[in-house]
Amino acid sequence: MLELLNTPKGDPILSIMSVFRADERPEKIDLGIGVYKDENGQTPIMQAVRSAEIRLANNATTKSYMGLVGDESFNKAIQALVLGNTQAQTRAATLQTPGASGALSTLADLIKLARPDARVWIGNPSYINHRPIMQKAGLEVMEYPYLDLKTKKVNEEAMLKAIAALGPKDVLLLHGCCHNPSGADLSMKTWEEITLLAQKNGFLPFVDIAYQGLGDGMDEDAAGLRFLVDRVDEALVSTSCSKNFGLYRERIGAAIVVAKTLQKAKETRMHMGELARGTYSMPPAHGAAIVAEILNDAALKSQWNSELEAMRKRVVHLRKKLVETFRKKTNSDRFDYIGSHKGMFSMTGLSNEQIAKLQKEHAIYVVPGGRVNIAGLRESQIEAFVSAFVDVGA
Ligand SMILES: Cc1ncc(COP(=O)(O)O)c(C=O)c1O
């Protein structure tokens with residue numbers, strides 16, 4: 001039977017990782033895979049995480065199954081972290097999932113269950129996995145315009161025009177903050193206009209927030225999402241602890257449902273639990289236990305907050321330095337957009353030829369499409385990075 005399968009193309013981002021590893025040039029720079037790195041090029045374990053793990057190891061009593069909805073102390077804490085002090089909190093329910101990927105996939109299955117003819121609208125561009133996850137659930141995927149490649153800003157006018165045509169069978173997938181791959185986020189005004197359209201036309205907003213805390217701050221990054229979910233009857237949210245807790249490999253995230261009533265939200269969560277039962281069954285315990293331990297302990301939470309703040313500040317500093325260096329090298333402000341982008345990524349608009357040249361001649365690895373992981377740079381590499389960019393004609 002397996003001969004019926006064709007040769008897979010492979011994931012463009014993951015395949016760059018192995019070519020990078022094999023590259024023997026000492027000056028090589030990996031700006032491909034979306035992980036945060038510190039000034040030593042490491043993706044560190046946060047101290048708050050380490051302390052929580054030590055406590056957990058000492059106090060754990062069982063490795064028995066978790067149950068379908070996962071760890072309730074995690075669910076409660078992550079829901080509060082994302083929704084904050086909103087009225088939506090009182091009519092929401094949360095399911096622990098294996099990463100935001102697990103949340104996206106379970107929420108996609110939920111949409112298909114609720115409304116098999118639903119269409120999911122994703123931005124152009126969007127997170128590389130949005131389309132395949134939605135399609136795997138059997139959903140039709142449509143695109144709305146998002147990034148203006150010339151200005152590297154959101155084309156809010158074109159986006160809103162497309163969204164204005166959506167109705168009750170449509171789901172609008174948005175990025176909560178730190179847009180992947182572009183770094184260009186929605187203005188508060190656009191969140192407000194989207195909210196008005198959702199109220200008027202009845203489409204279902206679905207917000208994927210995978211980088212809360214890496215843009216402007218925990219509350220600041222969730223402000224648009226909170227404004228929206230507070231004012232609509234129903235909304236879906238997927239969130240991740242991969243980046244803001246550095247728990248990439250623990251596979252921890254959550255699917256949050258906001259409904260008209262708490263009762264409806266709880267029932268919807270039961271559906272999601274059943275859908276998860278048909279795939280991975282129950283979520284893994286460790287990541288949820290770490291996050292719950294941190295968020296439910298004032299000292300650990302404050303330590304985690306300051307570590308996250310240091311990460312955020314490092315990225316903001318790198319962006320500032322990049323803008324300054326580009327200005328000096330090019331005598332122009334055409335790279336200023338890097339300073340206005342949020343989070344780990346910036347879409348540079350590099351062509352495939354320029355990307356290939358960067359890799360071949362400068363040992364700088366960028367993914368197809370031209371997304372650069374700013375958080376993968378060291379300050380000491382900025383001069384070389386900027387010179388290489390200018391050399392390839394960016
Ligand atoms: C926008 C977005 N959503 C979801 C995910 C998936 O996150 P996780 O690793 O928690 O599954 C990512 C990861 O890169 C992302 O960028």
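Counting starts at 1 for both ligands and their atoms, following the listed order.
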Go through it in stages, so that I can follow the logic: the residues are Ser126 and His175, the test is side chain to side chain donor-acceptor pair (under 3.5 Å), and I'd like the CA-CA distance, side-chain angles, deciding distance and then a yes or no.
CA-CA 8 Å; Ser126 196; His175 292 233; 2.9 Å; yes
From the candidates Gly343, Gly176, Ser242, Gly287, the one that places a heavy atom nearest atom 10 (O) of ligand 1:
Ser242
Quick one, Thr261 and Lys264 - any side-chain contact, counting heavy atoms below 4.5 Å?
yes
Are Leu358 and Phe389 close enough that some pair of their side-chain heavy atoms sits under 4.5 Å apart?
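Contact flag for Leu358/Phe389 side chains = yes.
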Within a distance under 4.0 Å of any heavy atom of Ser240, pick out the atoms of ligand 1 and give their elements.
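It comes down to these atoms of ligand 1: 7 (O), 8 (P), 10 (O).
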Numbering the atoms of ligand 1 from 1, which are under 4.0 Å from a heavy atom of Gly99?
10 (O), 11 (O)
For ligand 1, is there an atom lying under 4.0 Å from some heavy atom of Tyr211?
yes
Looking at ligand 1, would Lys243 count as a contact under a 4.0 Å heavy-atom criterion?
yes
Testing the 3.5 Å rule here: is there a donor-acceptor pair between the side chains of Thr239 and Gln212?
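Result is no, nothing qualifies.
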Considering only protein heavy atoms, which is closest to atom 12 (C) of ligand 1, and at what distance to one decimal place?
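For atom 12 (C) of ligand 1, the nearest protein heavy atom comes out as Tyr127 CZ, 3.4 Å.
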What is the nearest protein non-hydrogen atom to atom 3 (N) of ligand 1, stated with its residue, atom name and distance?
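Of every protein heavy atom, Asp208 OD2, 2.5 Å lies nearest to atom 3 (N) of ligand 1.
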Quick check: does Ala100 get an N/O under 3.5 Å from an N/O on ligand 1?
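In this structure, Ala100 places an N or O atom under 3.5 Å from an N or O of ligand 1.
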In Lys153, Arg327, Lys152, Arg319, the residue satisfying salt bridge (Lys or Arg N to Asp or Glu O under 4.0 Å) with Asp336 is Arg327
Any ion pair linking Asp221 and Lys342 (charged N to carboxylate O, less than 4.0 Å)?
no
Apply side chain to side chain contact (heavy atoms under 4.5 Å, CB included) to Val154 and Leu147, showing your working.
CA-CA 5 Å; Val154 183; Leu147 189 72; 5.5 Å; no
Ligand 1 contact on Ala210 by region, counting heavy-atom pairs under 4.0 Å
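Contact part for Ala210 vs ligand 1: side chain (C-beta onward).
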